[in-house]
Amino acid sequence: MMKTDFRREPVYIAVLAVLLVLAFFLPGWLRFLLQTALGGGLVALGVVLQMRAGLVNFGQGLYYCIGGYTVGMLAAKAGITEAAILLPAAVIAALVIGAVLALLLSRYREIFYAMLSLAVSMILYGLLVKAAWLGSTDGFNVPPVSYFGWLPDRGVRPDIAYGVTAVLTVLACFLVARYLRSGAGMLCEAVAENEIRLEYLGASPRRIVSITIVIAAGLSGLGGGILAISTGHVDPSMTNWTTSGGFVFVALLAGRGSTIAPILGFFLLELVRTYALDFAPNAWQMILGAVMLAVILLLPDGLWSLVQRRRKT
Amino acid sequence: MKTCVFALTLGTALASSGAVMAQDSFKIGVPVFLSGAAAGPFGEPEKQAAELLFDALNAGEVPGPYNTVGINGRTIEARFTDEASDAAVEYRNLVERDGVDAVIGYTSSGNCKTVAPLAEELETFTVFVDCGTPQIFEEVVTDPKFLFRTGPTATSDAVGAARYLVDSGADLSRVAGINQNYAWGQDNWRDFTASLKALDTGSEIVSEQFPQLGAGQYGAEVSALLTSSPTVVFNSFWGGDLEAFVLQSAPRGLFARSTVLMTCGEALFPTITKDVPEGAIVSARGPFSVFAPENELSTWFSAAYEERFGTMATYPAWKMAQAILGAKAAFEKAGEGATGADAAAAFAGMEFEAPSGTVKMANANGHQAIQGIGFGTYALVDGEPTVENVKFYEAECTSPPADMTAAAWIEAGFEGAICD
């Protein structure tokens with residue numbers, strides 16, 4: 001079993017921050033890929049948090065979609081295009097839904113938790129597909145957003161969006177790392193190990209699980225909001241089970257050794273995907289599948305175990 | 001490790017942007033479905049038509065006015081990509097990484113909505129081939145410069161269907177609909193029922209079925225249709241869903257008891273020729289395939305396609321050919337050395353020849369084509385699928401005028417429509 005140690009976490013996050021700043025010098029398409037990966041990576045981070053408590057969420061796309069649609073509906077339907085309102089609104093909406101669902105979900109463990117979370121996300125999918133006024137499966141477009149009242153020109157818009165995304169991602173990683181070092185964060189692993197003993201010690205596993213669910217929901221809501229602003233379009237596939245399954249996979253691929261692992265893992269996966277698509281447009285899923293299989297067989301603790309193994313030797 | 005990976009990506013990124021420099025070929029990005037449910041009925045014929053057209057254009061074998069080599073003398077180089085991936089990311093990759101001169105493709109309306117603002121932002125000559133949602137130029141991009149759609153919108157299917165039913169004297173007293181529960185099916189049914197109202201048929205809607213996209217099993221829905229005893233059934237299914245629906249409902253007598261109209265019915269011809277009951281009303285969503293006019297281009301295209309791929313060209317293939325020829329016409333009208341911006345300026349409002357006849361880029365400031373649509377009843381003649389009782393409606397009869405949205409136009413009783 002991999003032991004996780006978050007004392008070195010600020011160093012990793014600093015490295016991430018440097019990488020994200022350097023990315024300003026990347027070509028546009030690659031930086032855009034990174035930007036969408038940062039949004040998705042936050043959702044994967046939410047999945048990792050729950051995995052630490054022994055819970056696999058196959059419906060994390062629910063909060064991703066809620067974040068995206070909150071931004072989309074406020075911007076496109078209500079005419080509020082201020083990012084400083086939209087992104088907090090996305091997080092708050094996801095937090096509220098997460099808190100309500102936590103009342104129910106925190107009672108369940110293992111496959112029941114996975115299936116129940118999947119079911120809830122598919123209910124939202126079903127509702128959105130039926131909603132013709134929200135564009136049904138086609139979704140709808142999100143207009144360009146302003147930042148504290150300033151609407152950037154078309155030329156610099158992608159730069160600003162990327163900068164905001166990078167700052168928020170680093171900030172989110174930092175906050176999660178702080179949480180994981182706190183008592184409540186460390187108890188997560190105890191929930192996975194032995195719940196009964198935890199209760200003897202006077203802690204409430206239900207409360208710990210609830211807090212985890214709510215934090216993961218907030219992160220995913222932020223990720224969805226970032227994606228809505230980045231691509232300018234939201235549609236119900238954000239809460240489809242295939243999307244949620246992708247996040248679970250990234251969580252496994254990256255490993256749970258660090259808060260930045262899911263972010264980097266998501267980016268690497270996207271990179272493999274786009275090159276596979278370029279290399280073999282008819283068989284790209286096969287390449288992706290082979291890579292996934294190889295990672296699971298060769299690195300059962302995820303990619304991050306490479307970093308940790310090197311530090312030990 | 002991280003820095004390693006990072007350096008690697010940076011390296012490949014720079015290497016690929018270097019490769020863009022060589023500019024003797026004309027690169028076209030072609031995003032079509034290469035995986036998923038839409039790959040068989042749409043992606044495959046579109047990809048094959050593109051390959052056929054690119055090869056024939058490079059060899060100068062396409063009949064006039066397209067008998068010149070490539071585009072402006074430059075050899076066409078295709079870059080196929082799978083539409084079943086992230087549309088925004090892959091569009092950027094085509095433009096910024098691969099440096100394509102034009103993008104021709106897209107079948108899904110959702111993807112078209114994502115890509116439409118991007119095409120304007122990245123200022124790249126882009127032609128949508130098949131997606132039908134009228135919102136593209138009505139809401140998403142209202143002042144297009146670089147974005148075009150050479151296929152008609154979905155509105156003309158529903159309007160044409162209603163008109164054909166009225167004109168062919170079908171009993172429209174009890175109407176039912178079965179459409180997939182997503183944007184395409186919902187829009188089709190809404191336009192169709194609104195058209196019936198506008199044509200004042202006095203129809204009673206006896207059943208509305210909305211099964212899931214890709215459901216595959218329609219036992220319950222067919223039962224509901226049969227018990228509501230409709231005189232006419234409207235259906236906008238496509239691909240595997242349509243095949244399954246025909247195979248499951250025909251033996252239960254739905255086609256015998258009611259007049260069934262299938263807007264995408266033509267695409268069924270090659271796969272389940274013998275199972276489609278004769279007399280069912282079908283269309284090809286425009287003047288394509290069996291509804292195409294007789295001319296040199298259409299004869300050449302259907303013969304060349306059948307010879308190379310061994311099946312008949314269904315309407316997605318025709319629409320792809322049309323989009324490619326439109327792009328060629330635009331770039332050549334703009335002259336040698338034309339940039340995407342020059343070609344876009346030349347393409348707006350243009351009329352060009354295609355296997356489906358003359359295509360007019362009439363709506364949305366000349367960025368949206370309007371075309372007529374034909375309907376007919378399915379028949380097998382000597383084992384070959386064909387259509388009888390064909391009625392053809394001109395573009396001005398089934399498409400809204402340039403200054404009106406589709407919904408408003410239907411509601412206003414097809415104001416300004418010119419029909420024979």
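Residue numbers start from 1 in every chain, and the chains themselves are labelled A, B, ... in the order their sequence lines are given, proteins ahead of strands.
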Item to complete: Under 4.5 Å heavy-atom distance to chain A, tell me which part of R190(B) shows up: side chain, backbone, both or neither.
Response: neither

Fill in: chain A contact via V140(B) - which portion, at a heavy-atom distance below 4.5 Å
side chain

Starting at [atom1] of [X], measure out to [atom2] of [Y] and round the result to the nearest 0.5 Å.
{"X": "E90(B)", "Y": "L33(A)", "atom1": "CD", "atom2": "CG", "answer": "8.0 Å"}
{"X": "L122(B)", "Y": "W29(A)", "atom1": "CG", "atom2": "CH2", "answer": "14.0 Å"}
{"X": "D278(A)", "Y": "D82(B)", "atom1": "CG", "atom2": "CG", "answer": "12.5 Å"}
{"X": "D138(A)", "Y": "W184(B)", "atom1": "CG", "atom2": "CH2", "answer": "10.5 Å"}
{"X": "T114(B)", "Y": "N141(A)", "atom1": "OG1", "atom2": "CG", "answer": "6.5 Å"}
{"X": "S85(B)", "Y": "E270(A)", "atom1": "OG", "atom2": "CD", "answer": "7.5 Å"}

Worksheet item: Looking at F32(A), is R97(B) sitting on its ring face, NZ or CZ under 6.0 Å from the six-membered ring centre and within 45 degrees of the normal?
Response: no

Worksheet item: With no hydrogens and no angle check, is any side-chain donor or acceptor of Q212(B) less than 3.5 Å from a backbone partner on G126(A)?
Response: no

Item to complete: Check G139(A) against K113(B) and note the closest heavy-atom contact, atom names and distance.
Response: O-NZ, 2.7 Å

Item to complete: Going by the side-chain contact (heavy atoms from CB on, under 4.5 Å) test, name the single residue among D86(B), N93(B), T81(B) that passes it with L277(A).
Response: T81(B)

Of the backbone (N, CA, C, O) and the side chain (C-beta and beyond), which part of [X] lies under 4.5 Å from a heavy atom of chain B, both, or neither?
{"X": "P158(A)", "value": "side chain"}
{"X": "R157(A)", "value": "neither"}
{"X": "Q285(A)", "value": "side chain"}

Worksheet item: Just wondering, are more than 12 heavy atoms of other shown residues or ligands nearer than 6.0 Å to CD in E411(B)?
Response: no

Worksheet item: Do the non-hydrogen side-chain atoms of Y182(B) and P236(A) ever get within less than 4.5 Å of each other?
Response: no

Worksheet item: Excluding sequence neighbours, so at least two apart, what forms salt bridge (charged side-chain N to carboxylate O under 4.0 Å, His left out) with R92(B)?
Response: E96(B), E121(B)

Worksheet entry | Winner by heavy-atom pair count (cut-off under 4.5 Å) against chain B, out of V142(A), T36(A), V234(A), T274(A) | T274(A)

